[in-house]
Amino acid sequence: MDQEQILSMINQLWEGFEFSVGIFAFTILFSIPLGLLISKGRMSKNRALSAVFRFYISVMRGTPLMLQLLLVYFGPYYLFGVTTGNIEIGPFNYRFIASIIGFSLNYAAYFAEIFRGGIQSMPRGQYEAAQVLGFTRIQTYFKIILPQVFKRVLPSVTNEVITLVKDTSLAQVLAVTEMFTVAKNLASAQVSVIPFIAAGIFYYMFNLLVEVVMGRIEKSMSYYS
Amino acid sequence: MRVLEIKDIYKSFDDLRVLNGISLNVDEGEVVAVIGPSGGGKSTLLRCATTLETIDKGSIKIGGIELDYKNRKSLAEIRGKFGLVFQSFNLFPHYSVRRNITEALVSVHKKSREEANKICDNLLQKMGLSDKGDSYPCNLSGGQQQRVSIARALATSPDILFFDEPTSALDPELTAGVLNVIRELAEEKMTMVIVTHEMSFARDVADRIIFMDGGIIVEEGPAKDLINNPQNDRTKAFLAGYSD
């Protein structure tokens with residue numbers, strides 16, 4: 001491989017990397033609030049409602065993410081006869097959108113369980129103190145409970161976020177030209193393992209950044225225990 | 001003026017009867033101590049009076065407002081009439097001392113930050129914690145934390161203050177500071193109901209003592225009389241267990 005080939009490889013990988021980062025960012029954006037809602041539903045006193053969310057979490061965790069992505073992509077056509085080829089939101093085609101929907105639905109299930117663990121670990125006294133001080137339920141949740149839960153669940157959330165960086169490579173099944181797809185194509189075209197190694201370095205650098213950022217966030221909340 | 005009016009309340013947890021017909025009136029400026037063995041219903045009585053538990057029967061009135069669990073507005077109103085100091089403080093660990101004291105003033109009682117800070121400064125001074133406004137609860141001793149929680153309960157100028165064993169979670173050498181604060185409040189004629197195991201403190205500070213056991217008020221009377229000269233056998237047996 002000469003210098004030109006390497007530069008071109010990096011260039012192409014970078015383009016794929018942008019898709020990977022896109023999937024990553026949108027998934028984080030949607031799956032965390034969705035996970036909070038699901039954890040609320042899972043903890044509902046209404047048994048039927050709680051059972052629905054428990055089932056949802058069970059299925060999402062119990063089946064392959066790759067299969068879920070394929071279902072989101074092909075489901076609309078095979079189940080409802082809806083053609084998705086011409087769906088576009090801004091610069092994003094349905095392949096990309098489907099992968100974000102699939103990732104978000106799946107990761108929300110994992111986040112929901114993490115949040116549930118955090119919320120249920122909160123001492124009852126915090127709720128009681130807030131109640132007698134006159135805070136409404138919503139105020140109690142957003143001012144007192146959630147900020148503390150956030151600190152408690154951060155290490156587990158970091159785990160999921162790091163996994164997500166690597167999982168974005170699964171979007172290849174929908175032929176999204178994310179970095180792994182690009183690396184695979186380059187490797188077979190050049191009959192070389194170097195594109196894979198280069199892609200590996202990209203993933204690792206990204207996760208190194210994730211670790212640093214999450215570490216900073218954790219530190220910024222270490223003023224209390 | 002009558003601040004607290006508890007009329008014939010009953011409370012059970014599943015099959016366990018915890019309160020078996022309790023009536024208690026507290027007048028403005030009065031300090032009432034509630035003593036008795038563990039499991040006798042003292043804490044449950046306090047939790048019922050502070051809306052943390054619902055009662056099965058009877059009625060509770062604080063500051064002239066009838067407790068009605070179904071009426072959200074009256075619930076919010078009644079919660080503005082009392083303060084509660086917990087055994088385990090229950091401060092908000094992610095808030096500074098100042099924010100612990102002012103947050104309810106600002107977001108529940110809609111006072112300005114300025115106004116709330118002024119109230120906070122006065123209370124901190126009173127608690128001997130003037131330099132601790134920016135500290136976080138985890139950096140304070142248990143005694144200091146409990147004084148912060150007293151300040152938090154006082155911030156909204158309640159008609160009555162409830163204490164649930166305020167020194168039981170403290171190391172012995174830290175109880176004095178907290179008890180002194182309560183003593184000062186008593187001298188200022190703050191209306192208070194104190195569940196406590198500190199008999200000599202109850203005798204010195206309270207106007208009236210209630211002895212509870214088995215979910216009923218077994219004996220009640222002026223503080224010194226009840227401690228020094230109990231009439232009921234159960235009260236005598238209980239007090240005999242305390243040598244002070």
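FYI, side chains are in, hydrogens and waters are out, and symmetry mates aren't considered; it's all heavy atoms of this structure. Just so it is clear: chains get the letters A, B, ... in the order the sequence lines come, proteins before strands, and each one is counted from 1.
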Seminar exercise, completed: The interface call for A/Tyr127 against chain B, heavy-atom contacts under 4.5 Å, is neither
Exercise. If you round to the nearest 0.5 Å, how far is CD1 of A/Ile144 from NE2 of B/His94?
Worked result: 4.5 Å
Exercise. Should we count CZ of A/Phe150 as having more than 12 external heavy atoms under 6.0 Å?
Worked result: no
For this session: Give me the contact list for residues 119-126 of chain A versus chain B, heavy atoms only, anything under 4.5 Å, ordered by residue number.
Result: A/Arg124, A/Gly125, A/Gln126
Exercise. Minimum heavy-atom separation for B/Thr50 to A/Val132, with atom names?
Worked result: O-CG1, 3.6 Å
Show me the donor-acceptor pairs, under 3.5 Å and distance only, between side chains in residues 215-222 of chain A and residues at least two apart or in other chains.
| from | atom 1 | to | atom 2 | distance (Å) |
| --- | --- | --- | --- | --- |
| A/Ser220 | OG | A/Ile217 | O | 2.6 |
| A/Ser222 | OG | A/Lys219 | O | 2.7 |

Exercise. How are the rings of A/Phe135 and B/Phe92 set to each other: parallel, tilted or perpendicular (split at 30° and 60°)?
Worked result: perpendicular
Exercise. Got a second to check how far B/Ile101's CD1 is from A/Leu133's CG, nearest 0.5 Å?
Worked result: 11.0 Å
For this session: Verify the neighbour count for atom CD of B/Glu173: are there more than 12 heavy atoms of other residues, nucleotides or ligands below 6.0 Å?
Result: yes
Exercise. Using non-hydrogen atoms only, which part of A/Lys143 is less than 4.5 Å away from chain B: side chain, backbone, both, or neither?
Worked result: both
Report, one line per pair, each donor and acceptor closer than 3.5 Å where one atom sits in a side chain of residues 74-81 of chain B; sequence neighbours left out.
| from | atom 1 | to | atom 2 | distance (Å) |
| --- | --- | --- | --- | --- |
| B/Ser74 | OG | B/Asn71 | O | 3.3 |
| B/Arg79 | NE | B/Thr51 | OG1 | 3.0 |
| B/Arg79 | NH2 | B/Thr51 | OG1 | 3.3 |

Exercise. Checking heavy atoms, do the side chain of B/Arg152, its backbone, both or neither come under 4.5 Å from chain A?
Worked result: both
Problem set entry | B/Thr156 versus chain A, the contacting section by heavy-atom distance below 4.5 Å | neither
Exercise. Taking atom CZ of A/Phe196 as the centre, does the number of heavy atoms from other residues, nucleotides or ligands within less than 6.0 Å exceed 12?
Worked result: yes
Seminar exercise, completed: Applying a strict 4.5 Å limit to non-hydrogen atoms, the region of B/Tyr95 in contact with chain A is side chain
Exercise. Chain A heavy atoms under 4.5 Å from B/Gln87: which part of the residue, side chain, backbone, both or neither?
Worked result: neither
For this session: Report the distance from atom OG of B/Ser96 to atom OH of A/Tyr223, rounding to the nearest 0.5 Å.
Result: 9.0 Å
For this session: Give a yes or no on this: more than 12 heavy atoms of other residues, nucleotides or ligands lie within 6.0 Å of atom CZ of B/Phe13.
Result: yes
Exercise. For A/Asn46, does the CG atom have more than 12 heavy-atom neighbours from other residues, nucleotides or ligands under 6.0 Å away?
Worked result: yes
For this session: Evaluate the side-chain contact (heavy atoms from CB on, under 4.5 Å) criterion for residues A/Gln139 and B/Val108: first the C-alpha distance (whole Å), next the side-chain angles of each, then the deciding distance (0.1 Å), finally the verdict.
Result: CA-CA 9 Å; A/Gln139 283 175 328; B/Val108 179; 4.1 Å; yes
Exercise. Among residues 22-41 of chain B, which ones touch chain A with a heavy-atom distance under 4.5 Å?
Worked result: none
Exercise. What heavy-atom pair brings A/Ser225 and B/Pro93 nearest, and what distance separates the two atoms?
Worked result: O-CB, 4.0 Å
Problem set entry | CZ/B/Arg113: more than 12 non-hydrogen atoms of other groups inside 6.0 Å | yes
Exercise. Crowded around A/Ile138 CD1? As in, over 12 foreign heavy atoms under 6.0 Å?
Worked result: no
